[in-house]
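Residue numbers begin at 1 in each chain, while the letters A, B, ... track the order of the sequences.
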Protein chains: 2
Amino acid sequence: MSCNKILKQTGHRLTPQRRLILDLIHDAHTHVGAEEIFDYVQARAPGVNKSTIYRTLKLLEQMGCVFKSEHDDRIIYHHAEEGHHHHLICRSCGKSYECEEALFSPVQRAIEEKYGFWVEFRHMVLSGLCSECRGRK
Amino acid sequence: MSCNKILKQTGHRLTPQRRLILDLIHDAHTHVGAEEIFDYVQARAPGVNKSTIYRTLKLLEQMGCVFKSEHDDRIIYHHAEEGHHHHLICRSCGKSYECEEALFSPVQRAIEEKYGFWVEFRHMVLSGLCSECRGRK
DNA sequence: TTTCATGCAAATGATTTGCATAGTC
DNA sequence: GACTATGCAAATCATTTGCATGAAA
(Lines give C-alpha, C1' and ligand atoms only; values in the text may rest on other atoms or scores of the structure.)
Protein backbone atom coordinates (compact mmCIF):
# COMPACT_ATOMS: atom_id res chain seq x y z
CA MET A 1 0.00 0.00 0.00
CA SER A 2 1.26 3.44 -0.81
CA CYS A 3 2.34 5.84 1.87
CA ASN A 4 -0.32 8.29 0.84
CA LYS A 5 -3.02 5.76 1.49
CA ILE A 6 -1.51 4.70 4.74
CA LEU A 7 -1.47 8.30 5.89
CA LYS A 8 -5.08 8.86 4.99
CA GLN A 9 -6.27 5.63 6.47
CA THR A 10 -4.68 6.50 9.76
CA GLY A 11 -6.36 9.88 9.83
CA HIS A 12 -3.33 11.90 8.80
CA ARG A 13 -3.26 14.59 6.17
CA LEU A 14 -1.41 14.77 2.95
CA THR A 15 0.20 18.17 2.99
CA PRO A 16 2.57 19.54 0.34
CA GLN A 17 5.42 19.28 2.82
CA ARG A 18 4.76 15.61 3.39
CA ARG A 19 4.39 15.03 -0.31
CA LEU A 20 7.82 16.49 -0.95
CA ILE A 21 9.48 14.45 1.74
CA LEU A 22 7.87 11.28 0.47
CA ASP A 23 8.91 12.13 -3.08
CA LEU A 24 12.51 12.55 -2.14
CA ILE A 25 12.76 9.47 -0.02
CA HIS A 26 11.00 7.45 -2.64
CA ASP A 27 13.04 8.65 -5.60
CA ALA A 28 16.40 8.92 -3.89
CA HIS A 29 18.65 6.15 -5.02
CA THR A 30 20.85 6.74 -2.04
CA HIS A 31 19.83 7.07 1.56
CA VAL A 32 19.26 10.57 2.79
CA GLY A 33 19.80 12.40 6.02
CA ALA A 34 17.49 14.90 7.69
CA GLU A 35 19.62 17.79 6.52
CA GLU A 36 19.51 16.73 2.88
CA ILE A 37 15.79 16.24 3.07
CA PHE A 38 15.49 19.68 4.53
CA ASP A 39 17.54 21.20 1.71
CA TYR A 40 15.53 19.39 -0.92
CA VAL A 41 12.21 20.44 0.52
CA GLN A 42 13.45 23.93 1.20
CA ALA A 43 14.49 24.30 -2.43
CA ARG A 44 11.00 23.67 -3.76
CA ALA A 45 9.01 25.04 -0.87
CA PRO A 46 10.97 27.79 0.82
CA GLY A 47 9.86 28.47 4.33
CA VAL A 48 9.34 24.91 5.38
CA ASN A 49 10.64 24.46 8.84
CA LYS A 50 13.08 21.87 10.02
CA SER A 51 10.80 20.71 12.78
CA THR A 52 8.29 19.74 10.13
CA ILE A 53 10.91 17.53 8.55
CA TYR A 54 11.63 15.80 11.80
CA ARG A 55 7.98 15.45 12.69
CA THR A 56 7.18 13.99 9.29
CA LEU A 57 10.08 11.59 9.36
CA LYS A 58 9.08 10.33 12.76
CA LEU A 59 5.52 9.89 11.60
CA LEU A 60 6.53 8.06 8.44
CA GLU A 61 8.79 5.83 10.42
CA GLN A 62 5.99 4.95 12.81
CA MET A 63 3.71 4.15 9.88
CA GLY A 64 6.41 1.88 8.55
CA CYS A 65 6.74 3.90 5.34
CA VAL A 66 10.33 4.80 5.98
CA PHE A 67 13.31 3.14 7.57
CA LYS A 68 15.79 4.88 9.74
CA SER A 69 19.30 3.60 10.12
CA GLU A 70 22.71 4.68 11.20
CA HIS A 71 25.85 4.57 9.15
CA ASP A 72 29.17 6.17 9.83
CA ASP A 73 27.76 8.29 12.64
CA ARG A 74 25.05 9.60 10.37
CA ILE A 75 21.33 8.98 10.67
CA ILE A 76 19.90 8.08 7.30
CA TYR A 77 16.48 7.29 5.95
CA HIS A 78 15.26 5.19 3.10
CA HIS A 79 11.98 4.17 1.68
CA ALA A 80 10.42 0.93 2.89
CA GLU A 81 9.38 -0.73 -0.31
CA GLU A 82 7.48 -3.94 -0.81
CA GLY A 83 10.47 -6.01 -1.74
CA HIS A 84 12.67 -5.32 1.23
CA HIS A 85 16.36 -5.19 0.66
CA HIS A 86 19.59 -4.34 2.37
CA HIS A 87 22.06 -1.63 1.58
CA LEU A 88 25.69 -1.98 0.69
CA ILE A 89 27.72 1.16 1.13
CA CYS A 90 31.27 1.29 -0.14
CA ARG A 91 33.55 2.77 2.45
CA SER A 92 35.96 3.90 -0.21
CA CYS A 93 33.81 5.65 -2.82
CA GLY A 94 30.66 6.04 -0.78
CA LYS A 95 28.41 4.60 -3.43
CA SER A 96 25.38 2.68 -2.32
CA TYR A 97 23.98 -0.54 -3.71
CA GLU A 98 20.96 -2.62 -2.96
CA CYS A 99 21.25 -6.17 -1.81
CA GLU A 100 18.58 -8.78 -2.18
CA GLU A 101 17.14 -9.82 1.11
CA ALA A 102 16.87 -13.49 0.31
CA LEU A 103 20.63 -13.88 0.45
CA PHE A 104 20.35 -13.72 4.20
CA SER A 105 17.95 -16.61 4.60
CA PRO A 106 20.75 -19.16 5.05
CA VAL A 107 22.35 -17.20 7.91
CA GLN A 108 19.01 -16.63 9.42
CA ARG A 109 18.42 -20.37 9.49
CA ALA A 110 21.95 -21.11 10.64
CA ILE A 111 21.59 -18.72 13.57
CA GLU A 112 18.24 -20.17 14.41
CA GLU A 113 19.63 -23.67 14.48
CA LYS A 114 22.65 -22.77 16.52
CA TYR A 115 21.16 -20.32 19.01
CA GLY A 116 17.41 -20.62 18.63
CA PHE A 117 17.42 -16.92 17.91
CA TRP A 118 15.33 -15.61 15.09
CA VAL A 119 17.06 -12.62 13.59
CA GLU A 120 14.91 -10.06 11.89
CA PHE A 121 17.14 -8.83 9.13
CA ARG A 122 15.50 -5.65 8.00
CA HIS A 123 16.97 -2.87 5.97
CA MET A 124 20.48 -3.39 7.12
CA VAL A 125 23.14 -0.95 6.14
CA LEU A 126 26.35 -2.81 5.45
CA SER A 127 29.79 -1.42 4.94
CA GLY A 128 32.51 -2.79 2.72
CA LEU A 129 34.21 -2.38 -0.63
CA CYS A 130 32.48 -2.30 -3.99
CA SER A 131 33.90 -4.19 -6.95
CA GLU A 132 35.47 -1.10 -8.50
CA CYS A 133 37.22 0.01 -5.37
CA ARG A 134 38.49 -3.49 -4.70
CA GLY A 135 40.05 -3.68 -8.14
CA ARG A 136 41.60 -0.26 -7.89
CA LYS A 137 43.28 -1.12 -4.63
CA MET B 1 47.25 -7.38 22.26
CA SER B 2 45.68 -5.90 25.33
CA CYS B 3 44.22 -2.43 25.33
CA ASN B 4 46.68 -1.35 27.98
CA LYS B 5 49.58 -2.22 25.76
CA ILE B 6 48.02 -0.58 22.76
CA LEU B 7 47.56 2.60 24.73
CA LYS B 8 51.13 2.64 25.93
CA GLN B 9 52.57 1.82 22.57
CA THR B 10 50.75 4.71 21.02
CA GLY B 11 52.05 7.11 23.61
CA HIS B 12 48.91 7.33 25.69
CA ARG B 13 48.69 7.07 29.41
CA LEU B 14 47.01 4.53 31.58
CA THR B 15 45.05 6.58 34.05
CA PRO B 16 42.71 5.23 36.72
CA GLN B 17 39.76 6.63 34.78
CA ARG B 18 40.76 4.77 31.65
CA ARG B 19 41.36 1.61 33.61
CA LEU B 20 37.84 1.71 34.99
CA ILE B 21 36.27 2.26 31.63
CA LEU B 22 38.24 -0.57 30.12
CA ASP B 23 37.30 -2.82 33.01
CA LEU B 24 33.64 -2.22 32.56
CA ILE B 25 33.59 -2.63 28.82
CA HIS B 26 35.66 -5.74 29.07
CA ASP B 27 33.66 -7.40 31.80
CA ALA B 28 30.22 -6.29 30.75
CA HIS B 29 28.32 -9.16 29.24
CA THR B 30 25.94 -6.75 27.66
CA HIS B 31 26.73 -3.69 25.64
CA VAL B 32 26.86 -0.47 27.54
CA GLY B 33 25.99 3.12 26.81
CA ALA B 34 27.95 6.22 27.75
CA GLU B 35 25.59 6.98 30.60
CA GLU B 36 25.98 3.54 32.14
CA ILE B 37 29.72 3.75 31.82
CA PHE B 38 29.60 7.11 33.51
CA ASP B 39 27.54 5.73 36.38
CA TYR B 40 29.87 2.78 36.82
CA VAL B 41 32.98 4.89 36.85
CA GLN B 42 31.35 7.52 39.01
CA ALA B 43 30.44 4.88 41.59
CA ARG B 44 34.07 3.85 42.14
CA ALA B 45 35.78 7.12 41.40
CA PRO B 46 33.46 9.97 42.28
CA GLY B 47 34.32 13.19 40.57
CA VAL B 48 35.16 11.76 37.23
CA ASN B 49 33.74 13.95 34.57
CA LYS B 50 31.51 12.93 31.74
CA SER B 51 33.75 14.52 29.18
CA THR B 52 36.48 12.15 30.27
CA ILE B 53 34.17 9.25 29.51
CA TYR B 54 33.47 10.54 26.04
CA ARG B 55 37.10 11.36 25.35
CA THR B 56 38.19 7.93 26.49
CA LEU B 57 35.56 6.14 24.48
CA LYS B 58 36.53 8.02 21.37
CA LEU B 59 40.17 7.23 21.95
CA LEU B 60 39.51 3.55 22.56
CA GLU B 61 37.38 3.40 19.47
CA GLN B 62 40.15 4.93 17.39
CA MET B 63 42.63 2.42 18.78
CA GLY B 64 40.24 -0.33 17.80
CA CYS B 65 39.86 -1.49 21.40
CA VAL B 66 36.17 -0.80 21.50
CA PHE B 67 33.31 -0.97 19.05
CA LYS B 68 30.56 1.55 18.86
CA SER B 69 27.19 0.66 17.47
CA GLU B 70 23.65 1.82 17.44
CA HIS B 71 20.63 -0.13 18.53
CA ASP B 72 17.13 1.09 19.13
CA ASP B 73 18.19 4.73 19.00
CA ARG B 74 20.85 4.14 21.61
CA ILE B 75 24.59 4.33 21.12
CA ILE B 76 26.25 1.32 22.68
CA TYR B 77 29.80 0.13 23.12
CA HIS B 78 31.37 -3.25 23.42
CA HIS B 79 34.81 -4.65 23.72
CA ALA B 80 36.62 -5.65 20.54
CA GLU B 81 37.97 -9.05 21.36
CA GLU B 82 40.21 -11.28 19.35
CA GLY B 83 37.50 -13.60 18.20
CA HIS B 84 35.13 -11.11 16.71
CA HIS B 85 31.46 -11.85 16.98
CA HIS B 86 28.09 -10.34 16.39
CA HIS B 87 25.39 -9.47 18.85
CA LEU B 88 21.86 -10.75 18.99
CA ILE B 89 19.49 -8.62 21.00
CA CYS B 90 16.02 -9.87 21.73
CA ARG B 91 13.47 -7.18 21.10
CA SER B 92 11.09 -8.76 23.55
CA CYS B 93 13.16 -9.41 26.67
CA GLY B 94 16.16 -7.26 25.80
CA LYS B 95 18.67 -10.00 26.52
CA SER B 96 21.83 -10.03 24.49
CA TYR B 97 23.63 -13.01 23.00
CA GLU B 98 26.81 -13.44 21.08
CA CYS B 99 26.83 -14.87 17.61
CA GLU B 100 29.76 -16.54 15.98
CA GLU B 101 31.15 -14.52 13.13
CA ALA B 102 31.84 -17.46 10.86
CA LEU B 103 28.14 -18.00 10.30
CA PHE B 104 28.21 -15.01 8.01
CA SER B 105 30.88 -16.30 5.66
CA PRO B 106 28.34 -17.85 3.29
CA VAL B 107 26.41 -14.60 2.86
CA GLN B 108 29.62 -12.74 2.49
CA ARG B 109 30.57 -15.01 -0.39
CA ALA B 110 27.08 -14.96 -1.87
CA ILE B 111 27.04 -11.17 -1.91
CA GLU B 112 30.50 -11.11 -3.38
CA GLU B 113 29.47 -13.42 -6.17
CA LYS B 114 26.30 -11.60 -6.94
CA TYR B 115 27.40 -7.99 -6.60
CA GLY B 116 31.16 -8.06 -6.42
CA PHE B 117 30.78 -6.27 -3.12
CA TRP B 118 32.87 -7.36 -0.19
CA VAL B 119 30.90 -6.78 2.98
CA GLU B 120 32.86 -6.23 6.12
CA PHE B 121 30.65 -7.78 8.73
CA ARG B 122 31.98 -6.42 11.96
CA HIS B 123 30.34 -6.39 15.31
CA MET B 124 26.85 -6.20 14.01
CA VAL B 125 24.01 -5.67 16.38
CA LEU B 126 21.05 -7.71 15.26
CA SER B 127 17.52 -7.57 16.48
CA GLY B 128 15.07 -10.43 16.73
CA LEU B 129 13.51 -12.90 19.11
CA CYS B 130 15.38 -15.23 21.41
CA SER B 131 14.31 -18.84 21.81
CA GLU B 132 12.53 -18.23 25.10
CA CYS B 133 10.50 -15.32 23.85
CA ARG B 134 9.57 -17.17 20.69
CA GLY B 135 8.24 -20.10 22.67
CA ARG B 136 6.32 -17.90 25.05
CA LYS B 137 4.55 -16.14 22.25
C1' DT C 1 59.94 18.12 34.17
C1' DT C 2 57.73 17.39 30.17
C1' DT C 3 53.66 16.04 28.15
C1' DC C 4 49.39 14.21 28.18
C1' DA C 5 44.84 13.73 30.66
C1' DT C 6 41.38 15.65 33.50
C1' DG C 7 37.73 18.67 35.44
C1' DC C 8 35.00 22.38 34.73
C1' DA C 9 32.02 25.22 32.25
C1' DA C 10 30.58 26.83 28.24
C1' DA C 11 29.63 25.71 23.25
C1' DT C 12 27.73 22.93 19.87
C1' DG C 13 24.54 20.34 16.97
C1' DA C 14 20.82 17.54 16.32
C1' DT C 15 16.31 16.74 17.58
C1' DT C 16 12.01 17.92 20.28
C1' DT C 17 8.31 20.69 22.16
C1' DG C 18 4.58 24.41 23.25
C1' DC C 19 1.79 27.35 21.31
C1' DA C 20 -0.74 30.32 18.09
C1' DT C 21 -1.95 30.22 13.30
C1' DA C 22 -2.81 28.24 8.80
C1' DG C 23 -4.38 24.44 5.88
C1' DT C 24 -6.65 19.97 4.93
C1' DC C 25 -10.53 17.09 5.00
C1' DG D 1 -16.11 24.09 10.62
C1' DA D 2 -13.41 20.69 13.09
C1' DC D 3 -9.27 19.16 13.79
C1' DT D 4 -4.57 18.26 12.31
C1' DA D 5 -0.10 20.18 10.64
C1' DT D 6 2.94 23.94 10.40
C1' DG D 7 6.17 27.73 11.60
C1' DC D 8 8.53 29.85 15.04
C1' DA D 9 11.26 30.10 19.00
C1' DA D 10 12.69 28.20 22.95
C1' DA D 11 13.95 23.84 25.33
C1' DT D 12 16.30 19.60 25.60
C1' DC D 13 19.79 16.05 25.23
C1' DA D 14 23.98 14.02 24.00
C1' DT D 15 28.42 15.06 22.82
C1' DT D 16 32.43 18.27 22.12
C1' DT D 17 35.73 21.86 23.14
C1' DG D 18 38.99 25.50 25.39
C1' DC D 19 41.55 26.26 28.99
C1' DA D 20 43.96 26.04 33.43
C1' DT D 21 45.36 22.51 36.60
C1' DG D 22 46.84 17.89 37.93
C1' DA D 23 49.06 13.48 37.15
C1' DA D 24 51.73 9.88 34.34
C1' DA D 25 56.01 8.68 32.34
Next on the checklist: Tell me the interatomic distance from A/I53, atom CD1, to C/dG13, atom P, rounded to whole angstroms.
Outcome noted: 20 Å
Item to check | Residue-phosphate contact under 4.0 Å: A/R18 side-chain N/O, D/dT6 OP1/OP2 | outcome: yes
Checklist entry - Once you round it to whole Å, what is the distance between C1' of C/dC25 and NZ of A/K8? => result 9 Å
Checklist entry - Nearest to the side chain of B/A34 - C/dT24, D/dT15, D/dT16? => result D/dT15
Checklist entry - Nearest to the side chain of A/R55, which nucleotide is it out of D/dT17, C/dA5, C/dC19? => result C/dC19
Next on the checklist: It should be established whether B/K58 places a side-chain nitrogen or oxygen under 4.0 Å from OP1 or OP2 of nucleotide D/dT15.
Outcome noted: no
Checklist entry - Of all the choices, D/dA25, D/dA9, D/dT15, which nucleotide is nearest to the side chain of B/K50 once you look at every atom? => result D/dT15
Checklist entry - Hey, does the side chain of B/T52 come within less than 4.0 Å of C/dT6's phosphate (OP1/OP2), counting only N and O? => result no
Item to check | Gap between atoms CD1 and C1', on B/I21 and C/dA5 respectively (whole Å) | outcome: 12 Å
Checklist entry - Quick check, are the ring centers of B/H78 and B/H31 under 6.0 angstrom apart? => result no
Checklist entry - Counting side-chain heavy atoms from CB outward, which of C/dG7, D/dA5, D/dG7 is closest to A/T15? => result D/dA5
Checklist entry - Are any of the side-chain heavy atoms of A/W118 and B/C130 separated by less than 4.5 Å? => result no
Item to check | Of the listed nucleotides C/dG7, C/dG23, D/dA23, the one nearest the side chain of A/R13 | outcome: C/dG23
Checklist entry - Stepwise, does the ring-ring contact (aromatic ring centres under 6.0 Å, His included) test hold for B/H85 with B/H123? => result CA-CA 6 Å; B/H85 54 258; B/H123 286 261; 5.5 Å; yes
Next on the checklist: Do B/N49 and B/S51 pair up side chain to side chain, a donor and an acceptor below 3.5 Å, judged on atom types alone?
Outcome noted: yes
Next on the checklist: Just the rounded figure in Å: distance from P of C/dC25 to CG of A/L7.
Outcome noted: 10 Å
Checklist outcome for this item: Regarding the side chain of A/Q17, the nearest nucleotide among D/dT16, D/dT15, D/dG7 is D/dG7
